Amino acid sequence: MRKMYFYYNHLLLIVLGLLPSVIASSSLSRSSFPPDFIFGAGSSAYQNEGGAKEGGKGPSIWDTFTHNYPDKVSDGSNGDVAADFYHRYKEDIRLMKDMNLDAIRISISWSRLLPNRFLDPLTKGDYPKSMRRLLGDQLPKFTKEQSKMIRNASFDFIGLNYYGAYLISPNPPEPDHIEGICILDFSHFVTIVDQEKGQPIFNRNDPNQHDLWKNIYPNHIHDMLRYVNRKYNHPLIYVMENGKEQFYNNETTVKEATHDNFRIDYIDKHLTWIRKSIKDGINVKGYFVWSFLDGFEWTKGHDIGVGINYVDYKDGYKRIPKLSALWFKNFLHRKVSFIDRFHYCH
C-alpha cells in the first residue's frame with residue numbers, strides 16, 4: 001500500500017518587523033543558533049485579540065460561526081474576548097520583553113493570510129496540478145506572460161507552521177459522498193497510520209477520534225524544512241508556529257495548568273532538529289513558539305491551551321507564566337541544557 005507523510009503545517013507569507021537579537025553564551029541555548037536568528041512567540045487575531053465590536057471591527061467568518069453555531073464549539077465559547085489582547089497589549093508586550101523575546105508574530109486577520117498551497121504560483125507561475133484537478137475552473141488561468149510576471153514577483157520569506165506529522169495511506173470517499181466535503185480536511189481522503197506499527201489509528205467515521213496532536217515526531221520538522229528548501233529554491237524560512245496543546249476542564253488548577261514540562265520537552269526537541277537543519281545549509285532564520293498566550297482554540301474553545309503563558313479567565317484574565325515560559329526565558333538568556341528543565345519541577 002502506498003504511503004506518504006502529511007505535515008500538519010501551513011505555508012504563510014507574513015510581513016513583520018524584527019527586533020535585533022541579543023546573544024548570550026551557552027550550549028543548546030540562544031548561542032547555539034546564528035547571531036541573526038530570531039526567537040519569538042506567536043499570536044493571532046481571533047484567537048487572542050478580543051475587542052470583537054471595537055475599533056470599527058466587522059464580523060469575521062469565525063464571529064458568525066461561533067455565534068450562530070455555539071454547539072459546534074466544545075465549550076460553547078467564542079472569540080469575542082479571547083485572551084483580551086486588544087485591551088492588554090501593553091501588559092503583554094512588557095511580558096514579552098521580560099521573556100527576552102526578539103519578536104512577536106501577530107496577524108491582522110486570518111482571512112488575509114494566503115492558504116498553505118499557494119506558493120507554487122509565486123515560484124512556478126501556476127497552481128499545483130492537484131489543485132487544478134480538484135478545483136478546475138474555480139482557479140484563474142494564467143497566460144505565459146502572466147505566469148512569468150507572477151514567477152518573478154518576490155516575497156520576503158516563507159513562514160511555516162509545524163506541529164506534528166502523520167503517516168498516511170490513500171482512502172478517498174465514495175463518489176456519492178464527496179459533495180460538501182472540505183478539501184482541506186485531509187481526514188476525509190486518507191487513513192492515518194501508526195508510524196511504528198503500520199496500523200490505522202484514525203477512523204473518520206468515529207467522532208471520538210479527534211485528538212490528532214498526539215503524532216509528535218520532532219525529526220519531521222527537519223524533513224519538512226528540507227522539502228521546502230528543495231522545492232522552493234533555498235528560500236529564507238521562519239518557523240512561525242510550533243507548539244503542543246494541553247487539555248483543561250472546570251477542575252483544572254493554576255498549578256496543573258502551568259506545570260507543562262511536556263511542552264518544554266517538545267520545544268527543546270524541535271529546536272534541536274531546527275539547529276541541525278541550519279547546519280545542513282537550510283536558510284532558517286527564526287523560530288516562533290505557538291503560542292504566547294492561551295486563547296480561543298477554534299472548535300475546542302477554551303478547553304485546550306497551547307500558550308506558554310496561562311490566562312486565568314476566572315481571575316480577570318490574569319497572565320501567569322507556565323514552566324515553559326520560564327524555561328524559554330532562560331533559554332534565551334543563558335545556558336540551558338536538556339536536564340535543566342527538570343529544575344522547574346519543584
Side-chain angles (χ1 to χ4, degrees), residues 2-16 44-47 58-65 68-69 72 105 107-166 168-192 204 212 220 223-241 298-299:
R2 182 169 61 91
K3 297 182 176 68
M4 64 196 83
Y5 285 104
F6 177 90
Y7 299 106
Y8 186 34
N9 68 85
H10 304 277
L11 305 181
L12 308 176
L13 303 183
I14 304 171
V15 179
L16 77 165
S44 86
Y46 190 77
Q47 290 178 273
S60 68
I61 291 174
W62 272 91
D63 287 314
T64 303
F65 175 76
N68 290 348
Y69 306 99
K72 300 296 184 181
R105 194 216 82 171
S107 65
I108 303 303
S109 170
W110 281 116
S111 61
R112 297 191 186 191
L113 301 181
L114 296 176
N116 62 338
R117 299 173 70 186
F118 282 17
L119 275 179
D120 277 43
L122 295 180
T123 58
K124 303 179 184 300
D126 199 2
Y127 293 100
K129 292 181 180 178
S130 59
M131 288 189 70
R132 288 286 183 197
R133 287 195 302 269
L134 286 169
L135 299 178
D137 293 337
Q138 297 180 58
L139 292 176
K141 295 181 180 179
F142 306 123
T143 65
K144 288 185 177 181
E145 184 177 344
Q146 289 171 331
S147 292
K148 182 179 179 180
M149 181 177 64
I150 295 171
R151 192 167 58 248
N152 289 336
S154 63
F155 52 85
D156 295 323
F157 61 84
I158 295 176
L160 297 177
N161 297 359
Y162 177 89
Y163 294 95
Y166 311 116
I168 62 176
S169 59
N171 185 19
E174 296 296 327
D176 293 342
H177 298 143
I178 199 167
E179 185 175 352
I181 289 179
C182 173
I183 63 169
L184 296 181
D185 184 356
F186 67 93
S187 65
H188 290 288
F189 298 90
V190 300
T191 296
I192 300 176
R204 63 170 170 252
L212 299 182
H220 287 316
D223 297 334
M224 182 186 71
L225 290 168
R226 286 194 305 174
Y227 170 81
V228 172
N229 182 66
R230 181 178 66 252
K231 183 174 178 64
Y232 298 113
N233 305 317
H234 194 60
L236 173 62
I237 300 172
Y238 288 89
V239 176
M240 303 302 284
E241 291 187 20
W298 309 119
T299 58

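From a predicted model like this one, the values you see are computed outputs, not experimental measurements. For this chain, numbers begin at 1 and follow the sequence in order.
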Legend entry - Test side-chain hydrogen bond (donor to acceptor under 3.5 Å, both in side chains) applied to Thr123 - qualifying residues, sequence neighbours left out: none
Inset, instruction - State which residues pass side-chain hydrogen bond (donor to acceptor under 3.5 Å, both in side chains) with Asp63; sequence neighbours excluded, sorted by chain then number. - result: Lys57, Ser60
Legend entry - Sub-4.5 Å side-chain heavy-atom contact between Lys141 and Arg132: yes
Inset, instruction - State, with a plain yes or no, whether a side-chain heavy atom of Pro140 is found less than 4.5 Å away from one of Tyr127. - result: yes
[X] side, atom [atom1]; [Y] side, atom [atom2] - distance, nearest 0.5 Å:
X	Y	atom1	atom2	value
Trp298	Trp62	CH2	CH2	6.0 Å
Tyr162	His220	OH	NE2	6.0 Å
Met240	Ser44	CE	OG	12.0 Å
Leu135	Arg133	CG	CZ	11.0 Å
Ile150	Asp120	CD1	CG	11.5 Å
Tyr46	Ile61	OH	CD1	11.5 Å

Work out which heavy atom in [X] is nearest to a heavy atom in [Y]; give both atom names and the distance.
X	Y	result
Gln146	Thr143	OE1-N, 2.9 Å
Leu236	Asp156	CD2-O, 3.5 Å
Asn161	Met224	O-SD, 4.5 Å
Ser147	Gly125	OG-O, 2.9 Å

Legend entry - Residues, nucleotides or ligands: over 12 heavy atoms within 6.0 Å of Lys72 NZ: no
Legend entry - Within 6.0 Å of CG in Asp137, more than 12 heavy atoms from elsewhere: no
